[in-house]
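The figures that follow rest on heavy atoms only: side chains count, while hydrogens, waters and symmetry mates do not. In what follows, chains carry the letters A, B, and so on, assigned in the order in which the sequence lines appear, proteins first and then strands, with residues in each chain numbered from 1.
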Amino acid sequence: MSDLRVRFAPSPTGYLHIGGARTALFNYLLSRQQQGTFVLRIEDTDVERSTQESVDAILQAMDWLGLACDEGPFYQSDRFDLYRQKVQQLVDEGKAYRCYCTPEELDAKREAAMQEGRKPKYDGTCRHRTDQPDAPYVVRFKLPTDRDETTFNDRIKGPITFRHDELDDLIIQRTDGTPTYNLVVVIDDAEMGITLVIRGDDHVNNTPRQILLYEALGCSVPEFAHVPMILGADKKRLSKRHGATSVMAYQEMGYLPEAMVNYLVRLGWSCGDEEIFSMDDLIEKFSLENVGRAAGVFNPEKLLWLNSHYIKTGDAERLARLLVPFLEAKGINVNNGPDMVPVVKTLQERAATMVEMADSAAFYFADTIDYEEKAKAKFLTVDQKDLFTILIDELQKCERFDEAGLEVAFATIMEKTELKFGKIAQPLRVALTGGTASPSIYHVLEVLGKDVVLQRIERAVTALA
RNA sequence: GUCCCUAUCGUCUAGCCUGGCCCAGGACACCGCCCUUUCACGGCGGCGACGGGGGUUCGAAUCCCCCUGGGGACGCCA
């Protein structure tokens, strides 16, 4: 066990999205690699927007990705007493003060500042007031004046400096007495002994304020690593209009968690020319040093490619289990058909998602085949009658209904019909699967089994036109 | 507007720190060929980038400066 303590701290105001998942992943990987501790903390101080459903969704997504935490989940909503106490402490020490400015006044000032091209920051109106009006107030943290800039050494971006005149007295407690993000994140990271904060780029600007708070609270400052944002194809921040951003939406679309993990980690991180990484590879090879510094564009096509790779190379038994719900979603009764594993094996190198695999597998389980219009018109014609008759005859006689046995049978069929293999396979394929695209015809025959095969050919004969 | 970050093929990136091995490598996508009973898989090949301008240097994708582009932040959200 090393001293490394990292955390993932999502706010439960929605599902776990792609960006959050990557942040969680980086935290997880580093904690495993260093045998550190991975803490999960739910940042639900915004009581209005936080929901239990979101918490559940986030937990479920992390579980799907395989990102188990060592401690937590801790809920900030359980810790309000602690935060109030810390706020009081800061006030008592003269490091924070009550501000009676109304939101309207602040909005107006902010607006005016923007208009004039000034930095829209709090002007410090209440900073020196000594009276205590009987009016609603927030508590502000008094920007320390003992130095005029704050620098931290970001583990990904290097040294970053902010001048204090860019900062203002930030609100740490709302009118309703609840604490705000910048305060609680500091208190909790300190209390939970977090030594390295890995989070999104969008927090870089918060970092100096937070460092100042650590110092005011007398806590040691952790290290920071800010990972770049993920953008959509138009280089705008990734959002719904770029397609699915929810991790679990990808599960529903038939993606494998290992594909998602592999994709996410490679978006912004690299290890030479390697592309394929298992979780174990990543735990061994991941490093903050090789995380890029610029924002990256989410590329669904590469994710899809990785998914097809993992389907292709995945364990058929596991894929068979995963495939069942996708088949059932199509109204297919999987007990009414061939064994799942052989079915999966015929489809692994042809399906990029589990949804696609379910689509392609449907014919195996159909009671009666629906023929595709074009396929039927082209291959189920009356002049195929003789071919199908011979096919029924020879397949009936075929004792070994596997590739080797079928090859022998087909040699005879080719001889009797004087047709090349392709001329036989296509009509047969349509009879068996309803379409012109399917796994190898021998495999289809074998998986379907002699009875079903003969039954389907006979029905096709009645459908010849 | 102000501040912060950032900049290699369309996209993800290697290379940059420790200049020459880079007329820039890999992957996805795209195109072509091959394999082939269909669809795929696979194999081979192609297309395709150091944002611009100044320096420093015998030599710069690599170091420095400026410009430009992109992203982020500027909430009683997190």
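- Residue A:Gln52 places its CD atom among more than 12 non-hydrogen atoms of other residues, nucleotides or ligands, all under 6.0 Å distant.
- For A:Val297, whose side chain is taken as the heavy atoms from C-beta onward, the closest listed nucleotide among B:C76, B:C4, B:C12 is B:C12.
- Atom P of nucleotide B:C17 and atom CD of A:Glu289 are separated by 17 Å, given to the nearest angstrom.
- Checked by distance alone, A:Arg429 brings a side-chain donor or acceptor within 3.5 Å of a matching partner on the base of B:U37.
- Within 90° of 0 lies the glycosidic angle of B:C41, which makes this nucleotide syn.
- Listed pair A:Arg110 / B:G75 meets the phosphate criterion, a side-chain N or O lying under 4.0 Å from OP1 or OP2.
- Just one residue in the list A:Lys157, A:Arg293, A:His226 forms a side-chain hydrogen bond (donor to acceptor under 3.5 Å, both in side chains) with A:Asp201, and that residue is A:Lys157.
- Regarding contacts with the backbone of B:C41, every side-chain N or O of A:Ser308 stays at 4.0 angstrom or more from both OP1 and OP2.
- Looking only at atom types and distance, the side chain of A:Thr180 has no donor-acceptor partner in the side chain of A:Asn182 under 3.5 Å away.
- Among the nucleotides B:C74, B:C76, B:A78, the one closest to the side chain of A:Pro120 is B:C74.
- For the OP1/OP2 pair of B:A14 and a distance below 4.0 Å, the side-chain nitrogens and oxygens of A:Ser270 include at least one atom meeting the criterion.
- The base of B:G72 sits within donor-acceptor range of the side chain of A:Asn205, with an N or O pair under 3.5 Å.
- Counting heavy atoms of neighbouring residues, nucleotides and ligands inside a 6.0 Å radius, atom NZ of A:Lys423 does not exceed 12 of them.
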Point to revise | Where protein sits on nucleotides 48-53 of chain B, one letter per nucleotide: B base, S sugar-phosphate only, - none, heavy atoms under 4.0 Å | key: ------

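- Taking only side-chain nitrogens and oxygens, A:Lys236 comes nearer than 4.0 Å to OP1 or OP2 of B:G71.
- Note: CZ (A:Arg350) to P (B:U36) measures 16 Å, nearest angstrom.
- The phosphate of B:C16 has neither OP1 nor OP2 within less than 4.0 Å of any side-chain N or O from A:Arg293.
- Picking from B:U38, B:C12, B:U2 the nucleotide with the shortest atom distance to the side chain of A:Lys302 gives B:C12.
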